[in-house]
There are 2 protein chains.
Amino acid sequence: MKNKKNELTKNQKIVLDFIQKSNKPVKAYSILSNVSKKGLKAPPQVYRALEKLIEVGEVHKIESLNSFVACNSKCIEPNGTIFSICKSCDQTTEVSNADLAKFLSDFKDMNGTQFSGFNLELFGTCKSCKT
Amino acid sequence: MKNKKNELTKNQKIVLDFIQKSNKPVKAYSILSNVSKKGLKAPPQVYRALEKLIEVGEVHKIESLNSFVACNSKCIEPNGTIFSICKSCDQTTEVSNADLAKFLSDFKDMNGTQFSGFNLELFGTCKSCKT
DNA sequence: GAAGATAGTGTTATAATATAACAAATTATT
DNA sequence: AATAATTTGTTATATTATAACACTATCTTC
Ligand SMILES: [Zn+2]
Ligand SMILES: [Zn+2]
Ligand SMILES: [Zn+2]
Ligand SMILES: [Zn+2]
């Protein structure tokens, strides 16, 4: 197996690096055009890197924006994500609220069965869009 | 203004009717091919109808599936949606749980500001996929 | 270290999802 | 009837994502 130490590969590092430096969710084709000078020339290279980064938890997909953000390392629940999204500018932050995360993780359906994961997107207006 | 009584137009009714008869989230192009015999021939006709139906609350978009479902009329919170999605077969049901809906509606960010909307997607395995 | 397994890469092409733009038809208001 | 607003039909295109295949690099184990 490659990457015995579970290290990221070159392309994965390039993509992650760009996402981490962005202050907003970034789209796959924006990533592509911004890292093309580093050698990633075609969509599959970006999407493959994204797939792996999401798998290892370094990146999350914001479904309602078709965009990607770096994990802020405050993922409380391993199988759940919570985001606060500005409806006006798309500014997005990962919400780390233990009570909310626990409430969602513990939530059971009407048959009493627990869910294996969740994604919560909270919509509002960010500080700078309010002023 | 057309539709004084806020009635749905012909195309909107056709699209809604098809979504309501489906037992799973349906994709826009699946809607298109299924209602083409009723006169809707191009994507914009479907997407326009969907836009309106979502606006009036008759339809919700399942973001993680790029698919659409009819509202089960149990939307507890007007600005929030909760879905239970089977990871195996995409079977989706709208969750109506007053406690959960209230918890989410009342949730405030660290500045004490309430959000204006939310969408929660809960992932699990449906009954028939378990057996 | 050769042989095979596994994972990542580069590349081209194409699939799937969604919207822009504009002309024509319809309905509501005046 | 004239006007305005809305909906429709249509063509083209933009955006997002994956299939397929040949190739390379690293690891495993023999
Ligand atoms: Zn995270
Ligand atoms: Zn904002
Ligand atoms: Zn609903
Ligand atoms: Zn299922």
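Chain letters run A, B, ... following the sequence lines, proteins first, then strands; residues in each count from 1.
- The separation between B:Glu7 atom CD and D:dT7 atom P is 12 Å, rounded to whole Å.
- The separation between A:Ile62 atom CD1 and D:dT16 atom C1' is 16 Å, rounded to whole Å.
- Dashed line: the shortest gap from a side-chain N or O of A:Lys52 to OP1 or OP2 of C:dA7 is not under 4.0 Å.
- Summarising the geometry, the separation between CD on B:Gln12 and P on C:dT26 is reported as 17 Å, rounded to the nearest angstrom.
- Note: CD (A:Glu63) to C1' (D:dT15) measures 16 Å, nearest angstrom.
- Of the N and O atoms on the side chains of B:Lys87 and A:Ser116, at least one donor lies less than 3.5 Å from an acceptor on the other residue.
- Every residue two or more places apart in sequence or in another chain that forms a ring-ring contact (aromatic ring centres under 6.0 Å, His included) with A:Phe83 is listed here: A:His60.
- Remark: B:Thr9 is in phosphate contact with D:dT8, judged by side-chain N or O atoms under 4.0 Å from OP1 or OP2.
- With B:Asp17 as the partner, the side chain to side chain donor-acceptor pair (under 3.5 Å) test is satisfied by one option alone out of B:Lys21, B:Gln20, B:Lys13: B:Lys21.
- Taking atom CD of B:Glu55 as the reference point, atom C1' of D:dT6 lies 13 Å away to the nearest angstrom.
- Heavy-atom neighbours of A:Lys130 NZ from other residues, nucleotides or ligands within 6.0 Å: above the threshold of 12.
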- Just by protein heavy atoms under 4.0 Å, how would nucleotides 11-20 of chain C read 5' to 3' in B, S and -? BB----BBBB
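- With 3.5 Å as the limit, one finds a donor-acceptor pair spanning the side chains of B:Ser64 and B:Glu121.
- The distance between atom CG of A:Leu8 and atom P of C:dG8, rounded to the nearest whole Å, is 10 Å.
- For A:Glu51 and D:dA17, the CD to P distance is 12 Å, given to the nearest whole Å.
- Per the geometry, CG belonging to B:Asn11 stands 11 Å off P belonging to D:dT10, to the nearest Å.
- The shortest side-chain heavy-atom distance between B:Ile31 and B:Leu50 falls under the 4.5 Å cut-off.
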